[in-house]
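In what follows, every heavy atom counts, from backbone to side chain, and hydrogens, waters and symmetry copies are set aside. Naming: A, B, ... by sequence-line order, numbering from 1 per chain.
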There are 2 protein chains.
Amino acid sequence: MLERERHSLILKLVEERSIVSVGDLLDLLGASEATIRRDINTLAERGEVKRIRGGAEAVRPRHQPHLVGMPFSLSQDISVPQKRAIARAAAELITAGESIIINGGTTTFALVEFLAEHDLDILTNSFPIAAKLLATSRNRITLPGGTIFREQNIVLSPFDNDTIENFWGNKLFTGCYGLNRFGIMEADPLIVQAQTKLLKRTEDVIVMADSSKLRQKSAMIVTGLERISTIITDDGAKPEELEVFKAAGIKVIVASVTEDDELQKLA
Amino acid sequence: MLERERHSLILKLVEERSIVSVGDLLDLLGASEATIRRDINTLAERGEVKRIRGGAEAVRPRHQPHLVGMPFSLSQDISVPQKRAIARAAAELITAGESIIINGGTTTFALVEFLAEHDLDILTNSFPIAAKLLATSRNRITLPGGTIFREQNIVLSPFDNDTIENFWGNKLFTGCYGLNRFGIMEADPLIVQAQTKLLKRTEDVIVMADSSKLRQKSAMIVTGLERISTIITDDGAKPEELEVFKAAGIKVIVASVTEDDELQKLA
DNA sequence: TCGCATCTGATTGTATATGATCGATTCGTA
DNA sequence: TACGAATCGATCATATACAATCAGATGCGA
């Protein structure tokens with residue numbers, strides 16, 4: 001990872017969580033402690049973050065720490081190979097001619113790549129997903145009506161008389177902010193709203209969650225485990241972490257990251 | 001691989017990912033490190049990318065996620081200078097903070113260029129218009145729900161309980177297939193349907209029709225002249241062709257094609 | 001086909017970034 | 001206040017990126 005990439009990643013993270021520890025960054029950036037310290041110090045000198053013991057802090061502290069999910073443009077770069085592996089496994093669950101729903105998010109965005117050859121009816125609230133599907137596939141695409149929220153990149157209507165009331169999907173594919181014994185958790189109220197709407201339009205809920213999501217918590221539960229039929233994660237997940245889902249009768253699929261996925265970063 | 005090819009590939013990659021490392025490009029271009037450095041430096045001198053240690057960065061700020069290119073090749077390059085002149089005149093009718101509706105079409109697509117600095121509430125059924133607005137402006141964008149029709153590039157729902165029932169526009173900007181004493185004519189039933197829906201959501205209908213449209217006829221009348229408040233055309237229109245509209249109490253604006261508009265073709 | 005100009009890839013020396021180590025400092029806690 | 005643990009900054013060896021240079025390859029026009 002380039003110095004510049006680390007810097008912008010740190011900046012976004014700091015902006016998002018208002019505070020990040022060196023330890024967090026260690027996992028996330030895959031760089032050494034020394035480098036991360038240097039990065040933080042550089043950014044602090046430029047006045048872009050505030051240096052604090054153990055990490056970095058936003059210059060303008062946020063009132064509600066940890067309540068907002070990462071903006072699309074940032075989380076796009078995180079766990080790319082895992083997301084791709086999960087997306088490939090998810091695509092295998094789809095059969096030709098089906099009608100599916102794709103909730104917006106970077107994990108589900110990775111799914112689009114594997115839908116190029118399909119012949120599907122797809123409903124998605126994600127503008128980028130719709131755009132990519134439009135450009136790279138021949139699937140029929142339906143959008144819900146509403147305003148485009150730039151940060152989250154989703155289309156959402158504040159009203160009830162939604163066009164999607166007339167859509168029914170065999171399967172809903174969704175990512176999440178966190179996934180644990182309480183169910184699907186999200187950090188952004190807007191995303192909760194969007195996801196809740198989609199949940200009503202299907203029975204079969206498939207959650208695509210890379211293993212880091214299993215350790216992530218937040219304040220908002222979108223839905224409990226009873227609503228989930230399948231979970232797809234990557235091989236970074238510990239078996240004991242998955243027990244609770246299996247006990248709840250959920251089908252758990254562990255996708256292996258292939259070499260191709262690793263390389264995909266470059267392509 | 002030719003230098004040109006490498007350059008455009010690098011630009012494309014930088015555009016897509018915001019940052020590319022020399023190492024990435026090494027694998028991808030199959031050229032030597034020295035060549036890649038030279039390429040990056042050349043592009044940096046031209047200001048097309050930013051040189052950073054270890055690679056290249058997009059000039060455009062990172063926040064705007066990149067949208068996949070949209071197919072919209074149809075009649076896009078017909079009468080470009082006229083359309084641009086008309087679009088500029090149309091943009092002058094818009095005041096800040098307004099809420100407007102833009103019907104899909106190549107003439108109205110030209111309008112987007114002139115909305116970059118505005119602060120508007122915009123409803124459009126056109127996917128490309130929404131995409132371009134999203135990428136180039138800070139306006140609030142609303143989409144109607146429905147399926148994306150690829151050929152016409154519009155979003156249209158076959159149902160009545162439409163999200164746009166909750167939208168009201170001060171002005172509707174629309175193109176047309178033909179425009180004459182009968183009113184607005186269209187050739188595609190789908191477009192008629194889309195346009196009809198939008199007509200209900202405003203009082204002030206502004207038709208953008210280059211002069212060739214005044215001689216064009218078709219089988220389907222979308223609405224009569226009484227519904228139209230303003231017509232914008234170009235100076236290719238003969239005065240006598242415009243009489244019938246003026247007689248119907250419609251404001252007619254004739255936009256002059258400037259040199260800049262002519263040149264825009266090439267850009 | 002030849003010769004010139006340009007492009008390309010390898011090499012070199014230098015500058016910079018990185019990661020590991022270690023002693024110093026700070027923090028939490030008793 | 002005293003202790004251990006965590007964090008920090010400094011230092012150094014190594015790894016990586018860089019510009020400059022040159023020889024060979026390639027393209028192009030005469």
Distance from B:I10 atom CD1 to B:E5 atom CD, nearest 0.5 Å?
-> 11.5 Å
Axis bend over the full length of the helix from C:dT1-D:dA30 to C:dA30-D:dT1, computed from five pairs that close each end, to 10 degrees | 40°
How is B:I40 classified with respect to the nucleic acid when contacts are heavy atoms under 4.0 Å: base, sugar-phosphate, or nothing?
-> nothing
For A:T35, which residues count as a side-chain hydrogen bond (donor to acceptor under 3.5 Å, both in side chains) partner, sequence neighbours excluded?
-> A:S32
Is A:R140 atom CZ crowded by more than 12 heavy atoms from other residues, nucleotides or ligands, each under 6.0 Å away?
-> no
Segment of DNA chain D, first to last nucleotide, that comes within the 4.0 Å heavy-atom reach of chain A | D:dA6 to D:dG9
Between B:R51 and A:N41, just flag the one whose closest nucleotide in DNA chain D comes earlier from the 5' side.
-> A:N41
Tell me, do B:I36 and B:L26 make a side-chain contact under 4.5 Å, heavy atoms counted?
-> yes
Salt bridge (charged side-chain N to carboxylate O under 4.0 Å, His left out) partners of residues 234-257 of chain A, not counting sequence neighbours, each pair once | A:R215-A:E241
Which heavy-atom pair separates A:L143 from A:S126 by the least distance, and what is that distance?
-> CD2-O, 4.5 Å
Any chance you could list the contact pattern along nucleotides 10-20 of chain C? Use B for base contacts, S for sugar-phosphate-only contacts and - for none, protein heavy atoms under 4.0 Å, 5' to 3'.
-> B-----BSBB-
Qualifying residues under side-chain hydrogen bond (donor to acceptor under 3.5 Å, both in side chains), relative to A:R51, sequence neighbours excluded = A:N41
